[in-house]
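To start, the structure under review is shown below, and the notes come after it.
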Amino acid sequence: MVKPDLTLTPQDWMHDPDLIRLFAAIREAGGEARYVGGCVRDVLLGRAVHDIDMAVTLVPEDTQRALTVAGIKSVPTGLDFGTVTAVLASRTVEMTSLRRDVETDGRRAVVAYTTDWQEDALRRDFTINALYADQDGHVFDYYQGHADIIAKRLRFVGDPDTRLQEDVLRILRFFRFHAQLGFYPLETDGLAACTRNKNLLSTLSAERVAGEVMRLLKAENPIPALTAMRDGGFLTHWLPETQNIDTLSTLIALGNDPADWILRLASLCPSNPVGVTELAERLKLSGTDRARLQALADPITAPKDEISARRYIYSVGSNAARDRARLGLAQDGNIWQILSSQAEDWQPSSFPISGKDALALGLESGPDMGRMLKDIEAHWIGSDFTLSRAALIDMLKEKIEGRS
Ligand code: ATP
Ligand code: MG
């Protein structure tokens, strides 16, 4: 049922002149655009809106043409599925043509375009994601999404089993939205449908899974969703190493940044560098994320005093040390406090002498020079970084003289 009487509380972004131009561009080409999905849902939930998606009655080629005519840059980011990205000065907006999914293989849909809003709503995953709003914020609600928002209920549009068999990523989205929106406890009917279809999860691509895992872990409280996933056997294919949900709970209680999902992921896994390398490969994580996970899985013991903490910080850098301390505090408690405090309060300085100094003293570059500098660096570290540059130069001189 459509509820044109429901209107979104005005948001700053709804007055963005770029968005107003976008609506006008579609209108001038004879089409209609509406906000859809997360941005409508999140306004109704009183949550911050982080990206804006639109649905549009034009077919993608016509959307692109309409934007070009209006002087708006567009990128055909997902032309096969009807998505054109409008690149505005203030933001990018994904504009997806109204569509019906005519055929699916569980991962990808073959689509047919339509001008029927309700048909478009029918192909969306959850009722709360099938809400639309026009430029003025009038809400169009085809499947009682607003009632579900009020009841904090995550309900599939249509028959859950059919919807999961069309696209099994929706299982992960089911857990993710429960976590992201704090809709707990989990819906029992939806969960039962997910359980019946969980064997299909292995057919997903790593990229799609990683995207959902990231969003799940970034949620304010992913614990009940993750626990249900582990207990229900939803993690055995993609995240079999998930063991320590309690460690993640502690990490969250200690106040880690929710955006820092890699630290959260690390807290779920045993400290095993080989294991996390496999995990990073399985999920096709970026080189940076992989390196962080590996550093976090480094099985070091907690430094016992400030001097050894500083040595550790010097060897791995402040950021990695801070990471390790946060994880350590969550895993084993206060024995990591010394490293944690030092990583916050103490900045490692760089080694005060370099090859340039050695060259100035007449040494030629090569393995000898490298060895000498390493030796002196070890003294400097041993002095708790207190030996002055002058003292280190003297040491270098002595070494050079001793050699000849
Ligand atoms: P957020 O951006 O906060 O993660 P969102 O609801 O906007 O949440 P997106 O992944 O950006 O989620 O997708 C936009 C909309 O597209 C969704 O609200 C939903 O209507 C639809 N959608 C996205 N992925 C699927 C899917 N796998 N199956 C069905 N509908 C989907
Ligand atoms: Mg979105």
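In listed order, ligands and their atoms are each counted from 1.
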Should R124 and D120 count as an ion pair when the cut-off is N to O under 4.0 Å?
-> yes

When you look for heavy atoms under 4.0 Å from ligand 1, do you find them on the side chain of D167, its backbone, both, or neither?
-> side chain

Which N/O/S atom belongs to D53 and is the closest one to the Mg ion (ligand 2)?
-> OD2

Which protein heavy atom lies closest to atom 8 (O) of ligand 1, and at what distance to 0.1 Å?
-> R41 NH2, 3.4 Å

Inspect the contact between R173 and E212 and indicate whether a charged nitrogen and a carboxylate oxygen are less than 4.0 angstrom apart.
-> yes

Look at D161 together with R163 and state whether they make a salt bridge at an N to O cut-off of under 4.0 Å.
-> no

Indicate, as side chain, backbone, both or neither, the part of F177 found under 4.0 angstrom from ligand 1 when only non-hydrogen atoms are considered.
-> side chain

At what distance is the nearest protein heavy atom to atom 16 (O) of ligand 1, and which residue and atom is it?
-> R124 NH1, 3.3 Å

Heavy-atom nearest option to atom 20 (O) of ligand 1, drawn from V40, N129, L131, V49 = N129

Verify whether one side chain among R326 and N256 offers a donor that lies under 3.5 Å from an acceptor in the other.
-> no

Using a strict cut-off of 4.0 Å, indicate which atoms of ligand 1 neighbour a heavy atom of H50.
-> 1 (P), 2 (O), 3 (O)

Contact atoms of ligand 1, heavy-atom distance to D51 under 4.0 Å = 2 (O)

In terms of residue, atom name and distance, what is the protein heavy atom nearest to atom 19 (C) of ligand 1?
-> D125 OD1, 3.6 Å

Going by the order shown, which atoms of ligand 1 are within less than 4.0 Å of some heavy atom of R123?
-> 29 (C), 30 (N)

Any side-chain donor near an acceptor of the partner, Q180 and R47, under 3.5 Å = no

Specify the protein heavy atom at minimum distance from atom 14 (C) of ligand 1: its residue, its atom name, and the distance to 0.1 Å.
-> D53 OD2, 3.5 Å

Residue, atom and distance of the protein heavy atom nearest atom 4 (O) of ligand 1 read R176 NH1, 2.6 Å

The atom name of the N, O or S atom in D51 nearest to the Mg ion (ligand 2) is OD1

Do you see an N/O/S atom of E94, backbone or side chain, under 2.8 Å from the Mg ion (ligand 2)?
-> no

Aromatic Y113 / basic R100 pairing, under 6.0 angstrom, 45° off normal | no

Of all protein heavy atoms, the one nearest atom 28 (N) of ligand 1 is R170 NE, 2.8 Å

Using a distance-only test with no angle check, is there a side-chain donor-acceptor pair under 3.5 angstrom linking E119 and T114?
-> yes

Of the protein's non-hydrogen atoms, which lies at the shortest distance from atom 9 (P) of ligand 1, and what is that distance?
-> R173 NH2, 3.9 Å

Contacting atoms of ligand 1, where contact means under 4.0 angstrom from a heavy atom of G38 = 5 (P), 6 (O), 7 (O), 18 (O)

So for V36 against ligand 1, with non-hydrogen atoms under 4.0 Å, the contacting part is neither

Among side-chain atoms of Q11 and Y35, is any donor-acceptor pair under 3.5 angstrom?
-> no

Donor-acceptor contact present, side-chain N197 to main-chain A193, <3.5 Å | yes

Are the charged groups of E166 and R123 less than 4.0 angstrom apart, N to O?
-> no

Regarding R34 and the six-membered ring of W117, is the cationic atom NZ or CZ under 6.0 Å from the ring centre and inside 45° of its axis?
-> yes

